[in-house]
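Here is the structure we will look at, set down as structure tokens.
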Amino acid sequence: MNANDLLILLTACLVTLACVIPGSFLVLRRMTMFGDALSHAVLPGIVVAYLLSGSLHGWPMLLSATLTGLLVTLLIETVQQKMRVQSDAAIGLIYTFLFAIGVILVTLFSRQTDLDQECVLYGDLALIPFETRYAGLPGAVWTTLLIDLALVLVVWMGYRAFWSATFDAGFARASGFSVLFWHYVLMAMVSLATVSAFESVGAILVISLMVGPPALAALFARTLRQMLVLAALFGLLSCLLGYLLATRLDASIAGAIATTNGLLFGLGIALRKAISH
Amino acid sequence: MGEQALSFLFLREPNIRLVVAGVLLLSLISALVGCFTFLRKRSLMGDAIAHSVLPGICVAFLLNNEKNPALLLLGALLSGLLSVALMEAISRRRLARPDTALSLLLSTFFGLGIVLLTYIQHQGFAAQAGLEKYLFGKAAGITSADVQLLGISAILIIASILLLRRGFTLLAFDEEYARAAGWPVPALQFCLSVLTVWAVSVGIQAVGVVLMAALLITPALAARFWTHSIARMLLLAACIGMLSGYTGAFVSFLSPGMPTGPWIVVAATLLAGISMLFAPRSGVLARWQTHRNNRNTMLRENILKLFYQLGEKSGNLQQSVLEEDLLNQRAFAPQALRRGLRTLELKGLLLHHLHAYQLSDEGLREARRVVRLHRLWELYLQRYLHLAPDHVHDDAEAMEHVITPEIEEQLEHLLQNPERDPHNTAIPPKA
């Protein structure tokens, strides 16, 4: 393993960490499809920020993606409540529309950008080491590290609120937490995680990182704390295995990590069965 | 530009005819199947299937090293069905919630597809170029073999929907009833899954993985706002789907760099937006209008009732009342009250002189009707629901506005033409 391999692996691990934190809550709150939709629908926000700032990193990107994420959440909820559309169709309607707008923007401005459809769909971790470096590390690593820290901090500070909003909304309200506020915080976290993952794994496989490790962790964990820790560990494990698989096959690293997530979940099911017998 | 547009609109070139035929056929197929997944509230299943067919397509390609549309379709069908089966198994055994199972399988299958696709690309097979059209969709790449396949698929899918429409309808609206009535529900579900996977597998090459869901969901959603009949919904969804497909093909024909799929989706979403806003009855504007009408009717009836009650106290039912007196008696919003008084005056139910109002003869009749319904309902609640006299007023406040003459007759009959309400005030006689 040389320095480039280590950099790729480091980025993958940081991205995974950013994804499993909001992902665990999505799994527990049965909102994973909402997260999936959100990770697609922030595309126009990412494209616009990229066109304006000329970079996939930095605060314009973070700000724009977070705002787009909140806007998408608001839009889906409006369609659901004001137009009285069932939730699955509301999600499908809004995210496909915004993703379509995003792809149209990418095509319109393809000459000015090096964003292309492929990178939108499945990113490329292998290109990370060739990015512009700041203090020896690629920009993606710094952005992701920053997002990781922010997400850990938010969960740490709002742990009680998240805990009660996730398991018992009534109790949360009675304890004086605004469930709606924490809902929007979670959605902002999903948007941030999407930004961190966008360049390296693309918009589609974000959901694999958000759902795979937490779903596996949910098979074994008994408390929220255990679930978060296990999800992070499983996420790191699948990064490592996925990376090995990808180099062996000379194929997409992000795709291999997603495949590994599915395989690990299958193994987890078998393991749990063996334990319970 | 104009010349080009015309040659598209009149389908002058065979190539255009091919692409348009292909896009129209697959929009038609997915809109029809989408209606049923929409009604079953499984719209996102289409999304998951669209992501899941990719590994099947790649494996089918790897096995015989060429892009044979029928074989690729077979591969897509098998891998789509496998993922649906796994999803069902995981949720049924409660190994994960349905939504988690859906997202997990979607991303795993898609990840596997990407691994295979990049593997194929890096191996440098001669025939692999064009496989990525399943990822992003490329309507311009539709060949005559594709159109043939689409035509056959359309005929088969429409035939199965016609054949199984009663079963599918039951499945969509009341699965429990279908089960109880002895319909083979698992078999029907399987058929619907096959049709969905099929529609997705043929549609994906024009719009790509991500946007395929829109072809299923959006036309059905838009159609649902216009009708309550499933046959009409299917027809409408088909038209909306095909119109969007045509628009998408048109835009990408005029500016060749533009992908077709996103424009199909944008067109469909616009049509859905129009439906959500303007559809009669279910649309937001229509519902808003109904809501406002109801509120105004209630306001007017409440004002008339108040005139009657004040008149009862003073002994003169048509006495003149000042606006302030009305406000003192009941918590109207002053502006709403003024609006209500003006409409009542215009309708000839109130007479207005200087600052006072009084009931006209017709107004008195209307006020009597409302008060009568209010008191009949109070009496009904007391006699038949055994509510205490001081508990019946609030409910009657709401009911007086919605009791129809037929219900009024039934109440009279049940209560044997009563004369006094639970508060021992007179129930005004019928006009």
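Chain letters run A, B, ... following the sequence lines, proteins first and then strands; every chain starts at 1.
Considering only heavy atoms from C-beta on, Asp250(A) stays 4.5 Å or farther from Gln123(B) through its side chain. Taking 4.5 Å as the limit, some side-chain heavy atom of Leu102(B) sits within range of a side-chain heavy atom of Met33(A). When side chains are defined from C-beta on, Ile269(A) does not count as touching Arg93(B), because their heavy atoms never get closer than 4.5 Å. Using a 4.5 Å heavy-atom cutoff, the side chains of Ser107(B) and Asn261(A) are not in contact.
Here the closest non-hydrogen pair linking Pro262(B) and Val103(A) is CG-CG1, 3.7 Å. Here the shortest heavy-atom pairing between Ile217(B) and Leu93(A) reads CG2-N, 4.5 Å. Of all heavy-atom pairs between Gly262(A) and Thr108(B), the closest is CA-OG1, 3.2 Å. Taking both residues in full, the closest heavy atoms of Ala251(A) and Val115(B) are given as CB-O, 3.3 Å, listed atom of the first, atom of the second, then distance.
Contacts of Ile104(A) with chain B are made by both backbone and side-chain atoms, with heavy-atom separations under 4.5 Å. At a 4.5 Å heavy-atom cutoff, the contact between Val266(B) and chain A is made by backbone and side-chain atoms alike. Residue Phe97(A) touches chain B through both its backbone and its side chain, counting heavy-atom pairs closer than 4.5 Å. Both the backbone and the side chain of Ala89(A) have a heavy atom closer than 4.5 Å to some heavy atom of chain B. Of the two parts of Leu104(B), the backbone and the side chain both hold a non-hydrogen atom closer than 4.5 Å to a non-hydrogen atom of chain A. Only the backbone of Met31(A) comes within contact range of chain B, with at least one heavy atom under 4.5 Å from a heavy atom of that chain. At a 4.5 Å heavy-atom cutoff, the contact between Tyr95(A) and chain B is made by side-chain atoms alone.
Of the possible polar contacts, one joining the Thr259(A) side chain to the Leu112(B) backbone as a donor-acceptor pair under 3.5 Å is found. A donor-acceptor contact shorter than 3.5 Å is absent between the side chain of Arg42(B) and the backbone of Asp88(A).
Counting non-hydrogen atoms of neighbouring residues, nucleotides and ligands closer than 6.0 angstrom, the CZ atom of Phe250(B) exceeds 12 such neighbours.
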Output, in order, the C-alpha distance, side-chain angles, deciding distance and verdict of side-chain contact (heavy atoms from CB on, under 4.5 Å) for Phe110(B) and Ile207(A).
CA-CA 11 Å; Phe110(B) 187 74; Ile207(A) 194 61; over 6 Å; no
Under the side-chain hydrogen bond (donor to acceptor under 3.5 Å, both in side chains) criterion, do Ser252(A) and Thr118(B) qualify, and how do the steps go?
CA-CA 6 Å; Ser252(A) 151; Thr118(B) 41; 4.8 Å; no
Run Asp36(A) and Ser103(B) through side-chain hydrogen bond (donor to acceptor under 3.5 Å, both in side chains) and show every step you take.
CA-CA 7 Å; Asp36(A) 184 29; Ser103(B) 330; 6.0 Å; no
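Contacts of residues 77-87 of chain A with chain B at a heavy-atom distance below 4.5 Å involve Val79(A), Lys82(A), Met83(A), Arg84(A), Val85(A), Gln86(A), listed in sequence order.
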